[in-house]
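In what follows, chains carry the letters A, B, and so on, assigned in the order in which the sequence lines appear, proteins first and then strands, with residues in each chain numbered from 1. What's counted below: heavy atoms across the whole structure, side chains too, no hydrogens, waters or symmetry copies.
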Number of protein chains: 2
Amino acid sequence: MAVEANAMFKQFKEHSVSEFFKKNRQMLGYSSMARSLVTIVHEYVTNSLDACEEAGILPNIAVKVSRIDADRYSVYVADNGPGIPKQYVGKALGKVLAGTKFHRNMQQRGQQGIGASGCTLFSQVTTGKPIHVISATSSEKYKCDVSIDIMQNKPIIANFETLNSTEIEHGLIVEGEFADVRYDTSDHGILEYLKRTALSNPHCEIKFTDPDGKEHLFVRSTQTMPQRANVSKLHPLGLTTNDLLELAHISLESRLSSFLTNSFARFSKAKLDELKSLLPEIDFSKDPKSLAWDEAERIVSKFKDIKWLSPDASSIVPIGEEQIRSALINILNPEQINVTERKPKVFKGGFPFIVEAAIAYGGNAGKKNIDGYEGNILRFANRVPLLFDSGTCAITEAVRSIQWKRYGIDLDNYPVSIFVNVSSVYIPYSGVGKESISPETEIVDEIKLACMDVARGLQRFLSGKQRSKAFASKYKLVMRYADQLSSDLSALSGIDKEHIKSKLENIVALKYKQANNGEDEEIESMQDSGQVLQEESGQ
Amino acid sequence: MAVEANAMFKQFKEHSVSEFFKKNRQMLGYSSMARSLVTIVHEYVTNSLDACEEAGILPNIAVKVSRIDADRYSVYVADNGPGIPKQYVGKALGKVLAGTKFHRNMQQRGQQGIGASGCTLFSQVTTGKPIHVISATSSEKYKCDVSIDIMQNKPIIANFETLNSTEIEHGLIVEGEFADVRYDTSDHGILEYLKRTALSNPHCEIKFTDPDGKEHLFVRSTQTMPQRANVSKLHPLGLTTNDLLELAHISLESRLSSFLTNSFARFSKAKLDELKSLLPEIDFSKDPKSLAWDEAERIVSKFKDIKWLSPDASSIVPIGEEQIRSALINILNPEQINVTERKPKVFKGGFPFIVEAAIAYGGNAGKKNIDGYEGNILRFANRVPLLFDSGTCAITEAVRSIQWKRYGIDLDNYPVSIFVNVSSVYIPYSGVGKESISPETEIVDEIKLACMDVARGLQRFLSGKQRSKAFASKYKLVMRYADQLSSDLSALSGIDKEHIKSKLENIVALKYKQANNGEDEEIESMQDSGQVLQEESGQ
């Protein structure tokens, strides 16, 4: 052996999660100059929306991006949320893997405790500057600068100052300087990101000042706050053996039976009895702290044999059909909209989720290209727009698997926008950058069904539109022969030509009107006779 | 405000990186049952190859996957590497973000210190069991079980036992039990993964025993060890201000000038003088520990104005044209191979990388489908096969951006395999699961150029093949008229017909032979005359 193990392992070293993400910042979304700037806005806006929602406040968010140099910008985000108490501001913005969201079984946009600290890390690494923070809670107002001790993954707070008054009554203002970024006006840029945020958050007002100083205002399309998401208990089918064991070992219950019925969703006394009958060898009166792996494993395995009520969907807050409709009208002004909200479903057994889909046609829907239009997919997870990594996303996979031509929809050439929002307490993101949903079978299937549903709606609209057009041209054709026919009938019958013609025109008009409004069957028979008329007249 | 900030932040919590990846295991590659099993084999085999290479040992790796239950398998991987010293075994396999690779500027397959600990975490969470380890270094032999204290991200070692003898002289054996996995025989499965590993590591022998007990042996196609990768100094153009500052502050040099020339690659006295003249206001004799951000920023900024030698490519070890060729012959047995190795290039200014590409045609190249064949892309990063997340990968992006039809190659219907290996000290992976390379412009461009190069080679081969076929059919056609022409000439001249025919046939044969071997120009003129002949004979 040329090199001994002991010599090799002299290089052994531990490193902090901050160091890891400093080196692999592309994993957080800092992969290109343009995407990096979107990522920063995305992280701050997401946090603002979550905070406002949790505090029950209709969000007003101001975003300002200013150019300092070719590759250097400042980003300012202000919200009217509840603010951050001073003892938490350091860790919330200056420690990776810390926050209020990670461990709660509750639907929120953020779920990792990485985003905002990632921005601090990125600012620090590219400009050496801290993030400037102004916070106003109901009891304290202050400002300070936050940075990270990267080796230790610990926050550093500087220039802390209590304020008597702030420009905001309550809320949070963050402002940072970032280099190695670029402002992009494409549909992977900040303006598009905020437009889509407004689409999926119709209760939110967003004011955006772009680097040219131009103001873009997205007004509320509804004054209704989204329903408050509940913190939900875990569903038995969402538990791994490891989860059950960990929870049992920290439980304050004195018996395994009460631990089970009190800790998990849908766990009634009847279900407990069913479980007991399936596992007579387990003592359910024992202390949950003494639960062993193999017992927990048998319990989790038997969960699969019990018919459970689906998880409580009150922990999931979809946007709502009417809200989606008014947001789409507000922002895309399309000719036609179809919206659907599916019933709550469950993935991996225990995680409830709801899929909403809409398809907008005409107006500003779709994407303009050289040839005219093409369809585009607007992807959302818990109302957050997903602009990147579409290739690995459940939504893209589902949409692409649909044979759109069967619905008379040509995605490559029609002005259509397909809107999909997946809501869940736990979104299985493919990466730390949270830009795509891992294609779990149950989720892909639900998205597919939702899209097929709205596709059928658009199909009816388009075929109605086409039929009207076809009828109009047939009507014109038939009418062209009415004059000749009237003359002939007049010559044969001696009745006044104009009288016959007027009657004839009335009959044709009536028939076509009936057909146009009528049932499919009637229409078909009308089409047939139309066909006959046409053929006859063509002879 | 409905909810106060103080109430909300009562929920504030920190969590360990182990907890994070336990909850988000799909980010490590544990996203579907089939992929999870491949991920485990991938992590262990990658570590074995790195260890053997660093120790200068030709790797013999044995992989055995056994079915315990429908969704439960055991995985056994044994190598003949240097083993792990006992004081490091816990952290190497039982602590996320610890290892020998993360901080060294050296080309290795692993670079995160997550992979093997991720397997331990996954085993523990799905089966509650530790990983069994047997290690033999040159000085000690032992066995033990490793698991993780997830909340603390700390290793737990149990059943440690010093051994007097082991089944291996030196090396590491890991064996674990994993649930929520499935063995898959598709081209996203373990067999394909190991086949591709053998392709990109022709110096390696891999024996794989599949769950049916069938043995698959991939023999070495070369006895030559890959050249040893050097630990390289960072190139000035790969430095951020933050890097420079951090390194300056821990430097043992007493002067900024010697810190710069001794710490970085290509930093000669002449370059230092150039830098000094660009920054007369900075005192280069100062202690590097006193370097301030704005000074470091100015230095890094001026680095861009200096013409540096490219980074030393000795830190990068490509596979090599001959090695790729023999591996492709060994494993795909194709009709034709084109291989290219590009010169070292640099991305983001300071990270050198080398792209190798090959295209194999015929034999077992490509992928069989119902209609016959289609092309496939074999992606590698530092010789590690990338089977998943192709949608977000620089290699896929580059290959798809090429107009293959221009090279006469129909990727949808030809039996072609496109092989691309990107080698670098630092591969910018898109995700923690390391299954795709972030599409940095410089990398995508190099892959594209490499692929276009081998595409041209295949184009020449295919058009030669086509030309041979066309010639053969023209030759046959011309010969058909030789008999008639000989009769006519014999009648006119009185010379013996067979004599004329034999001469005629010789002339035609000779001309076609010349054309077939000749220069393009000659061929074209021959084609023209061939055309004429044909037309004449057709009259």
Should we say atom NZ of Lys141(A) is surrounded by more than 12 heavy atoms from elsewhere, each under 6.0 Å from it?
yes

Which atoms of Ser139(A) are under 4.5 Å from chain B, going by heavy atoms: the side chain, the backbone, both sets, or neither?
side chain

pair Thr392(B)-Glu435(A): side-chain heavy atoms closer than 4.5 Å:
no

If you count heavy-atom pairs within less than 4.5 Å of chain B, which of Asn153(A), Asp389(A), Thr127(A) leads?
Thr127(A)

Check each atom of Glu440(A) against the heavy atoms of chain B and say whether the ones under 4.5 Å are side chain, backbone, both or neither.
side chain

Side chain proximity check, Lys22(A) to Asp243(B), heavy atoms < 4.5 angstrom:
yes

Supply the atom-to-atom distance Ile250(A) CD1 to Met151(B) CE, rounded to the nearest 0.5 angstrom.
6.5 Å

Contact part of Ser32(A) toward chain B, heavy-atom cut-off under 4.5 Å: side chain, backbone, both or neither?
neither

Report which part of Ile150(B) has an atom under 4.5 Å of a heavy atom belonging to chain A: side chain, backbone, both, or neither.
side chain

